[in-house]
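Notes for the one structure printed next.
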Amino acid sequence: MNEGWSDKELNETVAVYLEMYTQQQHKQKFNKKSYYRNLSELFGRSEKAYEYRMQNISYIFTLLGRDWVTGLKPAKNVGRRIGEKIEICLAELEKRPISESIGFDIEVEEYQRKKVIKRPEGTGEPKAKYSNVVLYERSAQVKAWVLRRASGLCELCKSDAPFITTCGQPYLEVHHVKRLSDGGSDTIKNCVAVCPNCHRLLHYSVGKEEAIESLYQNVNELVRE
């Protein structure tokens, strides 16, 4: 069977993964291969295909900051469309809000894995998207570029990233020096990679103007807007 995954098949696979995950959380024993076999008999795809798809689900778990089912090491080569579908299935089954950043995070990871990243143009005037909050369409290439530029060091305090993520990347947060809501661009000339503490400082500290000035002085790609 080489056809694409139907919504029903993907949803059932995610449901099985969550069943195993719940059993693991309760320290109950379960047989993964029997689950693969049942799915194979139900939809006609190979058992190996379901094992690998569940490794994709483990990858989505890493993007959510969660542990995954033991033995199902995260497989990152899942595209944005399927990754977003997996997250929709997870959110519906767990009765929680959908994480709208999953597709974007997948793209960022894809760019970070490339040996060479083409210098991105970014977007001078990001479009706003409205849901319960206002969101801006951001460039995954810009975020990946800025994170690689930082090389695991906060671009403000110069400290090492506080930890390595479950995806194997140094954890830094990308901050728009001139906020998007103030007309700032989503480009490498307006973005920095900073540790969580410095990120909060840039938003809330009484000394944030001095910190911003320090960034302009020390990060060569930054341009005042």
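- Between L202 and I212, the closest side-chain pair of non-hydrogen atoms falls below 4.5 Å.
- In summary, the side chains of R138 and H176 do not present any donor paired with an acceptor at a separation below 3.5 Å, with no hydrogens or angles considered.
- Counting only residues at least two apart or on different chains, the side chain to side chain donor-acceptor pair (under 3.5 Å) pairs with a member in residues 18-31 are E19-Y35, Q23-Y35, Q24-T70.
- With hydrogens and angles disregarded, no donor-acceptor distance shorter than 3.5 Å links the side chain of S58 to the backbone of W68.
- Counting all heavy atoms, side chain and backbone alike, Y17 lies closest to M54 at CE1-O, 3.3 Å.
- Chaining together hydrophobic side chains whose heavy atoms lie under 4.5 Å apart places V174 alongside F104, V108, I117, V142, W145, V146, L147, L172, I188.
- Across E107 and A140, no two heavy atoms sit closer than the pair CB-CB, 3.3 Å.
- The minimum heavy-atom distance between D186 and C191, with the atom names listed, is OD1-SG, 4.1 Å.
- Here the side chains of Q169 and I164 are not in contact, with every heavy-atom distance at 4.5 Å or above.
- Take E121 and apply the side-chain hydrogen bond (donor to acceptor under 3.5 Å, both in side chains) test, not counting sequence neighbours, and it matches no residue.
- Taking CG of N77 as the reference point, atom CZ of R113 lies at 7.5 Å (rounded to 0.5 Å).
- Remark: R81 CZ is loosely packed, at most 12 non-hydrogen atoms of other residues, nucleotides or ligands lying under 6.0 Å away.
- Note: the hydrophobic cluster containing I98 does not contain I60 (ILVMFWY, side chain heavy atoms under 4.5 Å, direct or indirect links).
- Remark: K208 NZ to E213 CD distance equals 15.0 Å, nearest 0.5 Å.
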For this session: Mind running side-chain contact (heavy atoms from CB on, under 4.5 Å) on H203 and H175 for me, showing each step along the way?
Result: CA-CA 9 Å; H203 278 282; H175 173 75; 3.5 Å; yes
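- Side-chain atoms of N218 and S214 form a donor-acceptor pair, as typed in the model, at a separation below 3.5 Å.
- No donor-acceptor pair closer than 3.5 Å links the side chain of N11 to the backbone N or O of D7.
- Interatomic distance, C89 SG to E84 CD, rounded to the nearest 0.5 Å: 12.0 Å.
- Contacts of Q112 classified as side-chain hydrogen bond (donor to acceptor under 3.5 Å, both in side chains), with partners at least two apart in sequence or in another chain: none.
- Checking E9, R37, Q55, K33 one by one against Y50, the side-chain hydrogen bond (donor to acceptor under 3.5 Å, both in side chains) holds for a single residue, E9.
- Closest non-hydrogen pair, G152 versus P170, comes out as CA-CB, 3.8 Å.
- Around the CG atom of D67, the shell of radius 6.0 Å holds no more than 12 heavy atoms that belong to other residues, nucleotides or ligands.
- Legend: residues meeting ring pair (Phe, Tyr, Trp, His ring centres under 6.0 Å) with F163, ordered by chain and number and at least two apart, are Y171.
- Using a 4.5 Å heavy-atom cutoff, the side chains of D105 and E87 are not in contact.
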Problem set entry | Criterion side-chain contact (heavy atoms from CB on, under 4.5 Å) on L90 and F61, from CA distance to verdict | CA-CA 10 Å; L90 285 169; F61 267 52; 3.7 Å; yes
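- Ion pairing of K32 with E47 is absent here, as no side-chain N (NZ or NE/NH1/NH2) approaches a carboxylate O to less than 4.0 Å.
- Counting heavy atoms from C-beta on, the side chains of C157 and C195 come closer than 4.5 Å.
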Exercise. What do the steps show when you test K85 against W5 for side-chain contact (heavy atoms from CB on, under 4.5 Å), and what is the final call?
Worked result: CA-CA 11 Å; K85 280 191 172 185; W5 291 62; over 6 Å; no
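- Taking both residues in full, the closest heavy atoms of Y111 and R148 are given as O-NH2, 3.8 Å, listed atom of the first, atom of the second, then distance.
- Judged by distance alone, with hydrogens and angles left aside, the side-chain atoms of T62 form no donor-acceptor pair with the main-chain N or O of C167 at under 3.5 Å.
- One N or O on the side chain of N56 and one on the backbone of A75 form a donor-acceptor pair closer than 3.5 Å.
- Residues V177 and Y216 form a side-chain contact, since some pair of their non-hydrogen atoms from C-beta on lies under 4.5 Å apart.
- One finds the CG atom of L215 at 12.0 Å from the CD atom of E210 (value rounded to the nearest 0.5 Å).
- No donor-acceptor pair under 3.5 Å is formed between the side chain of T123 and the backbone N or O of P126.
- A 4.5 Å side-chain heavy-atom check between T187 and E225 finds at least one atom pair inside the cut-off.
- Nearest heavy-atom pair, L64 versus S99, reported as atom, atom and distance to 0.1 Å: CD2-CB, 3.7 Å.
- Here L63 contributes atom CG and I102 contributes atom CD1; the two are 5.0 Å apart, rounded to the nearest 0.5 Å.
- Residue N220 qualifies as open at atom CG: its count of foreign heavy atoms under 6.0 Å is 12 or below.
- In terms of hydrophobic clustering, with Ile, Leu, Val, Met, Phe, Trp and Tyr side chains grouped at heavy-atom distances under 4.5 Å, Y59 and V16 are assigned to a common cluster.
- Heavy atoms of other residues, nucleotides or ligands lying less than 6.0 angstrom from NZ of K114 number 12 at most.
- Salt-bridge annotation for E109 and K76: present, with a side-chain N of the basic residue lying under 4.0 Å from a carboxylate O of the acidic one.
- Residues I86 and L10 form a side-chain contact, since some pair of their non-hydrogen atoms from C-beta on lies under 4.5 Å apart.
- No donor-acceptor pair closer than 3.5 Å links the side chain of E173 to the backbone N or O of H199.
- The side chain to side chain donor-acceptor pair (under 3.5 Å) pairs that include a residue from residues 153-167 are R149-E155, where partners are two or more places apart or lie in different chains.
- You'll find the side chain of F43 stays beyond 4.5 Å of the side chain of T13, heavy atoms only.
- When hydrophobic clusters are built by joining Ile, Leu, Val, Met, Phe, Trp and Tyr residues whose side-chain heavy atoms come closer than 4.5 Å, directly or via intermediates, V14 is not grouped with I88.
- Taking CD1 of I57 as the reference point, atom CG of L72 lies at 8.5 Å (rounded to 0.5 Å).
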